[in-house]
Engineer: 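Submitted below is the structure of interest, expressed as structure tokens.
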Amino acid sequence: MPVFITGLALAVHGSNVYDEKKLTKVANGELLPAIRLRSAGSGLMGVAVGLWATGLTAEYDVKPWVWWTELGVGAVALLTGGVWGGVSTGHWNANDTASLVCTNNEGIDCFTAHRLASGFFLGLGAGAVAGATTGLLVQRFSLKKQRVSFAPTFGSGQTGFVLQGRF
């Protein structure tokens with residue numbers, strides 16, 4: 001929850017700065033810090049969602065293939081966000097943001113929307129990969145059969161300890 005709230009605060013603050021600078025009609029290069037701040041906030045919200053999803057899975061006793069599936073979904077989201085961010089950055093560097101496809105805005109606003117979405121997917125993928133990897137590791141060590149067991153015994157007038165296993 002704190003990661004999501006921090007990401008939301010960064011995204012909202014970045015949006016406010018972006019809107020203020022956009023109203024004063026500054027050069028596109030001066031909008032870049034606000035765009036980065038919004039994208040970082042979006043990425044943190046994605047991390048929180050990815051960790052929440054894997055945390056929800058951890059509440060149940062699941063088979064390892066569930067963790068592997070979440071790991072795969074996280075990897076795909078991470079790759080999608082990386083490629084998407086790379087493509088939109090390529091358009092920015094080539095000063096060609098007008099060619100990005102958006103249905104409700106164009107130019108720098110479209111670039112900003114692409115960066116927000118790619119940041120969210122990067123965060124979602126990173127959170128899901130981290131959570132699923134942790135889940136796999138924890139499950140692997142918790143399902144390992146113990147070689148030695150130690151237990152107290154109470155019987156007909158006798159009390160003691162039983163130690164059994166492979167030595």
Engineer: Hydrophobic clusters here meaning ILVMFWY residues chained together by side-chain heavy-atom distances under 4.5 Å, can you tell me if Trp65 and Val129 are in one?
Structural biologist: yes
Engineer: Using only atom types and a distance under 3.5 Å, with no angle test, would you say the side chain of Lys21 pairs donor to acceptor with the backbone of Ala34?
Structural biologist: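 Not at all, since once roles are kept as given, no pair shorter than 3.5 Å links the two residues.
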Engineer: Any sub-3.5 Å donor-acceptor pair from Ser88's side-chain atoms to Gly85's backbone N or O?
Structural biologist: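 Yes.
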Engineer: Looking only at side chains, do Ser42 and Arg115 share a donor and an acceptor under 3.5 Å apart?
Structural biologist: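 There is no such pair between these side chains.
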Engineer: Are any of the side-chain heavy atoms of Leu10 and Met45 separated by less than 4.5 Å?
Structural biologist: no
Engineer: Could you tell me the separation between the OG1 atom of Thr6 and the CE atom of Met1, rounded to the nearest 0.5 Å?
Structural biologist: 11.5 Å
Engineer: To the closest 0.5 Å, what do you measure between CG (Leu122) and CG (Leu79)?
Structural biologist: 9.5 Å
Engineer: CD/Glu70 to CG/Leu136 distance, rounded to the nearest 0.5 angstrom?
Structural biologist: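 Answer for the CD-CG pair, Glu70 versus Leu136, is 9.0 Å.
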Engineer: Do Phe120 and Leu44 touch side chain to side chain, with heavy atoms closer than 4.5 Å?
Structural biologist: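 Sidechains of Leu44 and Phe120: no contact.
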Engineer: I need the Leu31 CG to Glu20 CD distance, nearest 0.5 Å.
Structural biologist: 11.5 Å
Engineer: Evaluate Tyr18 against Thr112 for side-chain contact (heavy atoms from CB on, under 4.5 Å), listing each step before the verdict.
Structural biologist: CA-CA 10 Å; Tyr18 176 81; Thr112 303; 3.4 Å; yes
Engineer: Hey, what's the ring geometry for Trp84 with His114, parallel, tilted or perpendicular (30° and 60° as the breaks)?
Structural biologist: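 Perpendicular, since the angle between the ring planes exceeds 60°.
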Engineer: Would you find more than 12 non-hydrogen atoms of other residues, nucleotides or ligands less than 6.0 Å from Phe111 atom CZ?
Structural biologist: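 Result for CZ/Phe111: enclosed.
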Engineer: Looking at OG1 of Thr24 and CD of Glu30, how far apart are the two atoms once the value is rounded to the nearest 0.5 Å?
Structural biologist: 8.0 Å
Engineer: Measuring only between side-chain heavy atoms, which start at C-beta, is Trp67 closer than 4.5 Å to Leu71?
Structural biologist: no
Engineer: Do Val47 and Leu56 share a hydrophobic cluster (ILVMFWY, side-chain heavy atoms under 4.5 Å, transitive)?
Structural biologist: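 Different hydrophobic clusters.
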Engineer: Under the side-chain contact (heavy atoms from CB on, under 4.5 Å) rule, what do Thr54 and Thr134 come out as? Steps first, then yes or no, please.
Structural biologist: CA-CA 9 Å; Thr54 56; Thr134 303; over 6 Å; no
Engineer: Same cluster or not: Leu78 versus Val76, using hydrophobic residues (I, L, V, M, F, W, Y) connected whenever any side-chain heavy atoms lie under 4.5 Å apart?
Structural biologist: no
Engineer: Specify the closest pair of heavy atoms between Ala128 and Gly74, including all atoms of both residues, with the distance to one decimal.
Structural biologist: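 Between these two residues, the closest heavy atoms are CB-CA, 3.7 Å.
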Engineer: How long is the span from the CG atom in Leu32 to the CH2 atom in Trp92, to the nearest 0.5 Å?
Structural biologist: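 That separation rounds to 5.0 Å.
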